[in-house]
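Chain A is the first sequence line, chain B the second, and so forth, proteins listed ahead of strands; every chain is numbered from 1.
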Number of protein chains: 2
Amino acid sequence: MPSAVSGERVTIYDVAQAARVSTATASKALNDTGRVSLETRDRIKRVARELGFRPNSLARSLTRKRSFTVGLLTNDTYGRFTLPLMAGISEGLIDHGVSVFLCAIGDNPDLARIHVDAMLDKQVDGIIATGKRIDRPLPVDLAHLSVPVVYALMAGPRDGITLVPDDRQGAGDAVRHLLAQGRQRIVHVTGPSEFDVVHERALACKQALVEAGVSAEDNVLFGSWSEHWGHQAVDVLWSGAEKPDGIFCGNDQIARGVVDALRERGVNVPGDVSVVGFDNWEIVAKETRPPLTTVDMNLKELGRQAGLALVRLVNGEAVETGVWKLPCSLIIRSS
Amino acid sequence: MPSAVSGERVTIYDVAQAARVSTATASKALNDTGRVSLETRDRIKRVARELGFRPNSLARSLTRKRSFTVGLLTNDTYGRFTLPLMAGISEGLIDHGVSVFLCAIGDNPDLARIHVDAMLDKQVDGIIATGKRIDRPLPVDLAHLSVPVVYALMAGPRDGITLVPDDRQGAGDAVRHLLAQGRQRIVHVTGPSEFDVVHERALACKQALVEAGVSAEDNVLFGSWSEHWGHQAVDVLWSGAEKPDGIFCGNDQIARGVVDALRERGVNVPGDVSVVGFDNWEIVAKETRPPLTTVDMNLKELGRQAGLALVRLVNGEAVETGVWKLPCSLIIRSS
DNA sequence: GCCATATGGGAAACCGGTTTCTCAAATTGA
DNA sequence: TCAATTTGAGAAACCGGTTTCCCATATGGC
């Protein structure tokens with residue numbers, strides 16, 4: 001008797017029986033494949049709906065050899081970059097019925113190995129690797145896996161697919177914004193020189209200045225990614241002869257430190273000096289006084305693209321390899 | 001011929017064939033179940049190892065009716081609370097071979113429904129629900145699911161299992177710390193009064209003061225969770241007659257605002273006034289000048305416990321229902 | 001009216017494991 | 001020495017779907 005059996009899940013067998021067909025026909029009808037009359041198809045679909053049939057994804061995956069599941073591997077313990085990325089991936093993939101395993105592996109190679117193995121055992125269709133250090137690989141080799149891998153915010157192999165923000169464009173926009181404000185003596189206060197992105201951004205900064213015919217000599221200060229360094233940098237700059245009127249910072253925390261230090265010195269922002277940050281970490285940028293103009297890396301969109309690129313790989317479609325640079329946006333606030 | 005076939009995954013069938021036994025025996029040997037001679041068991045295990053056999057988790061899940069997978073549902077778009085929690089869950093569960101699907105659903109009920117359905121289709125063994133607002137439920141009803149649910153940082157049903165930090169103890173410790181510094185005029189600057197935790201913490205604050213025989217009248221200021229509010233609160237407090245010498249803040253951002261405002265007024269922290277925050281959001285607390293003394297909610301440990309509680313539920317073990325309050329730790333820095 | 005083709009649907013194999021049940025051989029007991 | 005029990009291992013069913021292949025019937029052409 002076809003009726004809503006409580007507790008137990010409804011299987012395709014139940015549907016088939018209720019519709020008086022075989023499971024084969026039921027399957028074909030529900031998936032719009034094979035040869036089934038329109039009449040029968042509709043009837044089966046109706047019955048399935050009435051019974052509240054939901055196919056067991058595991059069983060389907062077993063035959064299809066597709067689990068509709070991907071893994072996201074990250075060594076960003078803080079979540080600053082991972083969560084927006086994750087949200088984007090998830091958003092991009094949910095339409096494809098794909099779910100995401102998230103694994104935070106820190107810098108522990110053993111843990112990384114365990115998690116990757118667990119993912120492969122669970123038959124993930126692909127893996128997205130990400131980290132906070134673009135130039136540092138994950139502590140595990142993903143190059144020879146049986147599933148495709150996409151790298152986001154992280155250096156992948158030459159013949160792989162890597163998605164990163166276009167730091168060059170972002171930094172260029174930031175500097176051009178400062179120039180448009182009429183700033184002429186522009187310095188760049190940034191993070192440790194061991195980071196690739198630091199050089200990327202510094203280079204773009206210089207280039208934009210040169211293009212505008214503005215001096216770009218000795219205008220980069222390397223330090224750490226902290227507010228503290230922002231303060232220090234202002235101390236250094238304001239002890240010199242020629243004080244800058246525009247400061248482009250390597251991230252929002254540095255910028256916050258810079259702005260605070262300037263205020264404390266009685267320097268008006270943006271009256272005397274304009275400041276631009278990088279990251280658009282709203283919790284920092286919005287609470288800076290005045291709110292910080294900064295570069296947004298559009299991480300959510302980057303995640304979406306990474307997810308979509310991965311499914312295309314999984315589907316065997318051709319995907320252009322190499323480094324994809326996704327545009328950054330300048331978020332103009334009051335600084 | 002048993003040999004390392006490249007590309008294709010090794011199945012239990014391959015192992016059985018190479019060891020000249022049936023798949024039934026192979027399965028039993030590898031799982032240490034059934035009746036197999038020690039000799040045969042060892043041989044099969046050795047062969048499996050040599051072939052690099054890794055069981056297909058999907059196939060196993062299908063028969064065992066356990067997917068060794070749980071879902072983590074969150075409406076915390078920012079990751080501030082979710083990621084540490086996630087790390088804890090993951091850490092607690094990896095030993096059990098359990099992986100975690102992470103879904104950020106925001107406040108969208110439709111999206112929530114879709115993700116929950118997707119999880120159920122993928123046969124998750126259980127779900128952990130979490131959010132940034134402890135007193136706001138997720139925009140989807142999880143009460144009548146076929147799998148167990150554990151609530152973390154979020155109000156669950158009466159007969160469910162809910163894990164939250166012990167706000168009362170944390171707030172009490174914070175206030176007692178201020179008292180121990182010799183502070184007598186203590187105020188509490190906290191978030192919006194619609195939040196349950198706000199009242200919880202305010203109450204604990206009052207109680208600790210009363211116990212110490214210190215005045216606790218009109219000493220709570222409700223506002224928002226922002227730095228800006230911290231500034232405003234100092235304005236209010238310092239325009240009054242009797243200025244406080246100890247301030248306990250509802251979160252680190254407020255505390256940061258308070259400390260900055262005090263410094264700008266020339267009030268010395270911790271010389272004239274001691275300040276304690278809540279959350280131990282390191283990025284804020286460590287960069288505050290001076291570094292912030294604050295309450296850590298031990299979210300990672302909370303996540304671990306939530307994960308373990310869930311597997312116990314899944315295993316049908318008895319688990320005490322109700323609200324579990326996990327201890328907070330006071331992190332003493334310089335404020 | 002008869003043969004070739006198209007159509008709808010089902011039986012059975014399969015995905016990769018687990019588990020029950022059966023059975024032959026080995027061991028034990030009297 | 002012979003029956004009763006224990007032991008080791010395999011055949012087959014199963015989990016819940018998908019897919020291939022085959023067959024009966026309906027349709028079309030001449």
Side-chain angles (χ1 to χ4, degrees), chain A residues 5 7-45 47-48 51-69 97 118 120-125 146, chain B residues 5 7-45 47-48 51-69 97 118 120-125 146:
Chain A
V5 186
E8 294 306 311
R9 264 185 91 98
V10 177
T11 72
I12 200 171
Y13 187 81
D14 300 327
V15 174
Q17 200 165 327
R20 308 221 157 278
V21 293
S22 70
T23 60
T25 305
S27 175
K28 281 181 280 194
L30 294 170
N31 292 299
D32 284 326
T33 61
R35 284 132 80 104
V36 183
S37 72
L38 192 63
E39 221 178 341
T40 313
R41 207 179 278 280
D42 286 346
R43 176 164 49 91
I44 293 174
K45 282 183 177 174
V47 170
L51 262 49
F53 170 67
R54 309 227 73 206
N56 182 327
S57 196
L58 259 38
R60 165 177 288 166
S61 299
L62 197 54
T63 48
R64 290 237 183 123
K65 293 182 176 311
R66 281 281 305 276
S67 66
F68 294 93
T69 287
L120 293 176
D121 290 350
K122 294 205 165 126
Q123 311 291 117
V124 292
D125 297 331
S146 51
Chain B
V5 186
E8 293 306 311
R9 263 186 94 97
V10 177
T11 72
I12 201 172
Y13 188 80
D14 300 328
V15 174
Q17 200 165 329
R20 308 221 158 278
V21 293
S22 69
T23 59
T25 305
S27 175
K28 282 181 279 193
L30 294 171
N31 291 300
D32 283 324
T33 60
R35 286 132 81 102
V36 183
S37 73
L38 192 62
E39 221 178 341
T40 314
R41 209 179 278 279
D42 286 346
R43 176 164 48 90
I44 293 173
K45 283 183 178 174
V47 170
L51 262 50
F53 170 66
R54 310 227 74 207
N56 181 327
S57 197
L58 259 37
R60 165 177 288 167
S61 298
L62 197 54
T63 48
R64 291 236 183 124
K65 293 181 178 307
R66 283 281 304 278
S67 65
F68 294 93
T69 288
L120 294 176
D121 290 350
K122 293 203 166 128
Q123 311 292 113
V124 292
D125 296 331
S146 51

Asks: Does B/A118 have any side-chain contact (heavy atoms from CB on, under 4.5 Å) partners at least two apart in sequence or in another chain, and if so, which?
Replies: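 Partners of B/A118 by the side-chain contact (heavy atoms from CB on, under 4.5 Å) criterion, ordered by chain and then number, come out as A/S99.
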Asks: Below 4.0 angstrom, which residues in residues 61-69 of chain A have at least one non-hydrogen atom near DNA chain C?
Replies: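 Of all residues in residues 61-69 of chain A, the ones placing a heavy atom under 4.0 Å from DNA chain C are A/L62, A/T63, A/K65.
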Asks: Please enumerate all residues that pass side chain to side chain donor-acceptor pair (under 3.5 Å) together with B/T33, with sequence neighbours excluded.
Replies: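 Listed in chain order: nothing, the list is empty.
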Asks: Might you list the N or O atoms of the protein lying below 3.5 Å from N or O atoms in nucleotides 6-10 of chain D, with each pair's distance?
Replies:
unit_1, atom_1, unit_2, atom_2, d
D/dA9, OP1, B/T40, OG1, 2.6
D/dA9, OP2, B/S37, N, 2.9
D/dA9, OP2, B/S37, OG, 3.3
D/dA9, OP2, B/T40, OG1, 3.0
D/dG10, OP2, B/S22, N, 3.0
D/dG10, OP2, B/S22, OG, 3.4
D/dG10, OP2, B/T25, OG1, 2.7
D/dG10, O6, B/K28, NZ, 2.9

Asks: What integer distance in Å separates B/R9:CZ from C/dG17:P?
Replies: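 Rounding to the nearest Å, CZ of B/R9 and P of C/dG17 are 8 Å apart.
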Asks: Does a side-chain heavy-atom distance below 4.5 Å link B/I12 with B/P55?
Replies: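 They are not in contact (no side-chain heavy atoms under 4.5 Å apart), so the answer is no.
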Asks: For A/T23, give me all partners under side chain to side chain donor-acceptor pair (under 3.5 Å), at least two apart in sequence or on another chain.
Replies: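 Not a single residue meets the side chain to side chain donor-acceptor pair (under 3.5 Å) criterion with A/T23.
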Asks: Can you pull the salt bridge (Lys or Arg N to Asp or Glu O under 4.0 Å) pairs that have at least one residue in residues 57-66 of chain B, sequence neighbours excluded?
Replies: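 Residue pairs passing salt bridge (Lys or Arg N to Asp or Glu O under 4.0 Å), neighbours aside: B/R66-B/D125.
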Asks: Can you tell me how far P of D/dG16 sits from CG of B/D121, to the nearest Å?
Replies: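 Atom CG in B/D121 sits about 14 Å away from atom P in D/dG16.
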Asks: Would you kindly give the CZ-to-P distance between A/R60 and D/dC15, to the nearest whole Å?
Replies: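 Result: 19 Å.
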Asks: When the axes are fitted on five pairs at both termini, how much does the helix from C/dG1-D/dC30 to C/dA30-D/dT1 curve, in 10° steps?
Replies: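 End-to-end axis angle: 50°.
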Asks: Rounded to the nearest angstrom, tell me the gap between atom CD in B/Q17 and atom C1' in C/dG16.
Replies: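 Rounded to whole Å, this separation is 14 Å.
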Asks: When the distance from CG of A/L58 to C1' of D/dC15 is rounded to whole Å, what number comes out?
Replies: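 Value for this atom pair: 10 Å.
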Asks: Checking B/N56 now: which residues fulfil side-chain contact (heavy atoms from CB on, under 4.5 Å) with it, not counting sequence neighbours?
Replies: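 B/N56 satisfies side-chain contact (heavy atoms from CB on, under 4.5 Å) with A/L62, A/Q123, B/L58, B/A59 only.
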Asks: Nearest whole Å is fine: how far is C/dG16 P from A/Q123 CD?
Replies: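 Atom-to-atom, A/Q123 to C/dG16, this comes out as 9 Å.
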Asks: The test is side chain to side chain contact (heavy atoms under 4.5 Å, CB included); show your working for A/T40 and A/I44 and say whether it passes.
Replies: CA-CA 6 Å; A/T40 313; A/I44 293 174; 3.9 Å; yes
Asks: For B/T69, which residues count as a side-chain contact (heavy atoms from CB on, under 4.5 Å) partner, sequence neighbours excluded?
Replies: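 Result, side-chain contact (heavy atoms from CB on, under 4.5 Å) vs B/T69: A/F101, A/K122, B/S67, B/F101, B/V124.
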Asks: Any side-chain N or O of A/N56 under 4.0 Å from OP1/OP2 of D/dC15?
Replies: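 Result: no.
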Asks: What pairs with A/T63 under side-chain contact (heavy atoms from CB on, under 4.5 Å), at least two apart in sequence or on another chain?
Replies: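 A/T63 satisfies side-chain contact (heavy atoms from CB on, under 4.5 Å) with no other residue.
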Asks: Identify, with sequence neighbours excluded, every residue that meets salt bridge (charged side-chain N to carboxylate O under 4.0 Å, His left out) alongside B/K28.
Replies: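 Applying salt bridge (charged side-chain N to carboxylate O under 4.0 Å, His left out) to B/K28 gives none.
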Asks: Which part of the nucleic acid, if any, lies within contact of A/S27, taking any heavy atom under 4.0 Å across all strands shown: a base, the sugar-phosphate backbone alone, or nothing?
Replies: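 A/S27: base contact, heavy atoms under 4.0 Å.
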Asks: Test A/R9 against A/D14 for salt bridge (charged side-chain N to carboxylate O under 4.0 Å, His left out), laying out the working first.
Replies: CA-CA 9 Å; A/R9 264 185 91 98; A/D14 300 327; over 6 Å; no
Asks: Can you check the B/D14 CG to C/dG17 C1' distance for me, whole Å?
Replies: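 Checked: the CG to C1' distance equals 12 Å.
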